[in-house]
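What you see below is based on every heavy atom in this structure, not just the backbone, and it leaves out hydrogens, waters and symmetry mates. Everything numeric in this text was worked out from a predicted model, so none of it was measured. Chain naming here is simple, since letters A, B, ... match the order of the sequence lines and numbering starts at 1 in each.
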There are 2 protein chains.
Amino acid sequence: MVTLLDVAKVAGVSRATVSLVCRDSPLVAEKTRKKVERAMAEVGYVYNRSAANLRSSFTNTVGLIIPDIANPVYSDLLTGVEDVLTPLGKAVFIADTNESEERQAHLLQRMLEMRVDGLVISTVGGTTAEDLAPYTRIGVPITQVFRMIEDAPFDYAGINNRLGCRRAAEHLLDLGHRHIGFIGSAVSPSVNQVRYGGFCDAVRSRDLPAESMPTITCKHTFGDAAVAAKKLISSAAAPTALVCFNDIIAFGATLGVYELGLTPGLDVSLVGFDDIESAANWRPPLTTMSIEARQIGRHAGTLLANRIKDLDLPVCSMVSEAVLKQRETTAPPRRAAV
Amino acid sequence: MVTLLDVAKVAGVSRATVSLVCRDSPLVAEKTRKKVERAMAEVGYVYNRSAANLRSSFTNTVGLIIPDIANPVYSDLLTGVEDVLTPLGKAVFIADTNESEERQAHLLQRMLEMRVDGLVISTVGGTTAEDLAPYTRIGVPITQVFRMIEDAPFDYAGINNRLGCRRAAEHLLDLGHRHIGFIGSAVSPSVNQVRYGGFCDAVRSRDLPAESMPTITCKHTFGDAAVAAKKLISSAAAPTALVCFNDIIAFGATLGVYELGLTPGLDVSLVGFDDIESAANWRPPLTTMSIEARQIGRHAGTLLANRIKDLDLPVCSMVSEAVLKQRETTAPPRRAAV
DNA sequence: ATCTAATTTTAGATCGATCTATTTATTAAA
DNA sequence: TTTAATAAATAGATCGATCTAAAATTAGAT
């Protein structure tokens, strides 16, 4: 195995100098740097991060723990986190808990053992501040995204779900809809409750009875959502519009509308949530609440970077607002309101 | 920072013994292990992987480099790789190149520096064996998945794209379709060429003129695919069925069919490729060629694990066949063949 | 009780970087 | 030319595990 010492010998300098070159230190003269770099190439030197990490007080690695990497929201988030952290020379290690508490515990442990400089995490349901205590104990900063643990003294980046969902419903109300269904999530009950709260806020603000609006929950699959939408549309309440928990459910609901022989955006209006990349590419292009997951990722990255620099900063929370992206799945109701 | 030595002192044993306990060695007596474990908990010991990796000849980490983590094919692949490698005590580090050669080069370097025990990679276009030479030089095994570099002496796990696409077209031919369109990929030209080759094989095997079958390529988005499908269907060739490069394109094509006021699976038959999770959940459920990405992931994991154990094994290639999953987007043609 | 063999435990060297403190070389000012 | 100040290079200790080889303990056989 070729080490710093081998490079040093070939370049005719000391081990310490080669080390400085590795780290792009300004302390080394240009001429020397060139010489060392040539020597490195000549002997085929490969930097040993384990050795560096052992000695150094920080590892320039950051952990990102998320519940479902296949979900576009989280891959966008990842991109945003990297936008900020990669230019700072930090490597982001991604890990997927798949919504399993056990897997999350395992990953938390592993990242602790590799001495990450910090952690960005979207916790699985049931996580408590206690689960993250080992990090606080040895002073590794944590930034939460999207999901927040009660009473945990961590930085946070996320969105205002309640207000966002309220805006979605208000958009439909403004178009003249009076019978609006809500297709919620059977998968994330906690977030679902908050978003449904926003939905009710909107309905009540127009003096309509929130209780009489038809509601259903489903899994985040096209098929489930299609069935749910069909059920709602053909129910006695006969909604002319649907607020959907997220874009995937809205997609499924669109398919349900097609299956009923109706035209989405004409016979039935639909609003999604998240504005994942494919929303704009949907047919018809999906009206949805944009949460700018990539931007949230940038926020999280920035919060973490700041705290790594200064652990004693006051706890900071960045809550963005979801904004309406009006496209072609929403329009005034076709059938007259009853 | 609390180290092995601190634990050893509290437990009243030597550093070496504590180290053995950390690694679940059978060399240590049950009574001693208990004692040490209690001590670890008492002093709040956290294992230091960097220190271990420095001394030890392997790190129990494996790299997985893929071009697009948001693509369900690759998240399934990841799951499969972990299925095999996690039980062996190896941590899988995921990294996304986003189809960028530059990012890939950077990630390859980083993983080399962290001394992964092995690498599973789906290379971006343009990668040569030379790019992977540093790995071979220091004896880190590589397993390729899905994509293969010419003349590279690495293990490989993937599928027979040509045969798979041939089977897709044959399925439509068997149903009686005589005018079949092909919607290819504008993103992965190399794979596209292979799959289109399979399509032609099928058509020619029935003594039909492959050249007269309408063809188009598009990006992997719903919108693009919808437009492409509409173009093909309303072209002079008037295909009654479409073979799609992958499921995403098939989804978009379905939406295009709906937009034309036609019914997918009735007026126009569609076959996808990949059988991602949402294919079965699509409306109507999508007929597609299943590649069992998770299984391929298991293959890759197994190949890598074997080679880590024995570098001198002969190069091994596992090419699976895609199998038809007939669902509801394919049926005999409605309009009589011209 | 003695000897052998098997089982546990351990001391001390070692992995390859970085850090601190110091020395050496270079430049600018007197 | 000398001195002071700055820039560049270095020696040697150090990080916290694992490894090797040897020592201590225990068990089994005689």
> Between A:L4 and B:T32, which is nearer to the 5' end of DNA chain C once each is assigned its nearest nucleotide?
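With B:T32 and A:L4 compared, the 5'-side residue is B:T32.
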> Can you tell me the distance, in whole Å, between the CG atom of A:N48 and the P atom of D:dA17?
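These atoms are roughly 16 Å apart.
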> Just how far, in rounded Å, is C1' of C:dC15 from OH of A:Y47?
15 Å
> Between D:dA9 atom P and A:R23 atom CZ, what is the distance in whole Å?
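About 14 Å, once rounded to whole Å.
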> Would you mind classifying the nucleic acid contact of A:Y45 as base, sugar-phosphate or nothing, using non-hydrogen atoms under 4.0 angstrom?
sugar-phosphate
> Just checking A:S57: base, sugar-phosphate only, or nothing, at a heavy-atom cut-off of under 4.0 Å?
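If one applies the 4.0 Å heavy-atom cut-off, A:S57 turns out to touch nothing in the nucleic acid.
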> Indicate whether OP1 or OP2 belonging to C:dC19 is found under 4.0 Å from a side-chain N or O atom of A:S56.
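Answer yes for this pair, as a side-chain N or O of A:S56 is under 4.0 Å from OP1 or OP2.
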> Here's a test of your reading of the structure: between B:R55 and B:A16, which maps to the more 5' nucleotide of DNA chain C?
B:A16
> Is the number of heavy atoms from other residues, nucleotides or ligands within 6.0 Å of CD (A:E277) greater than 12?
no
> At less than 4.0 Å, is any side-chain N or O atom of B:S14 found next to OP1 or OP2 of C:dT9? Yes or no.
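So the side-chain polar atoms of B:S14 never come under 4.0 Å of the phosphate oxygens OP1 or OP2 of C:dT9.
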> Answer whether the closest heavy-atom distance between the side chains of B:R38 and B:K34 falls below 4.5 Å.
yes
> Give me the ring orientation class for B:F146 and B:Y74: parallel if the planes are under 30° apart, tilted from 30 to 60°, perpendicular past 60°.
perpendicular
> What's the separation between atom OG1 in B:T143 and atom CG in B:L119, rounded to the nearest 0.5 Å?
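Rounded to the nearest 0.5 Å, the OG1-CG separation comes to 8.0 Å.
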> Report the distance from atom CZ of A:R115 to atom P of D:dG16, rounded to the nearest whole Å.
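My rounded result for the distance is 8 Å.
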> Does C:dT9 have its OP1 or OP2 closer than 4.0 Å to a side-chain nitrogen or oxygen of B:T17?
no
> Just the rounded figure in Å: distance from C1' of D:dC15 to CG of B:D6.
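So the two atoms are 13 Å apart, to the nearest Å.
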> Can you measure B:L20 atom CG to D:dG16 atom P for me and round it to whole angstrom units?
19 Å
> In whole angstrom, give the distance that lies between atom CZ of A:R15 and atom P of D:dA13.
11 Å
> Between A:S320 and A:E292, is there a side-chain donor-acceptor contact under 3.5 Å, judged purely by atom types and distance?
no
> Describe the nucleic acid contact of B:A29 in one word from base, sugar-phosphate, nothing, applying a heavy-atom distance below 4.0 Å.
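Contact class for B:A29: sugar-phosphate only.
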> Taking atom C1' of D:dA22 as reference, at what distance in whole Å does atom CG of B:L27 sit?
15 Å
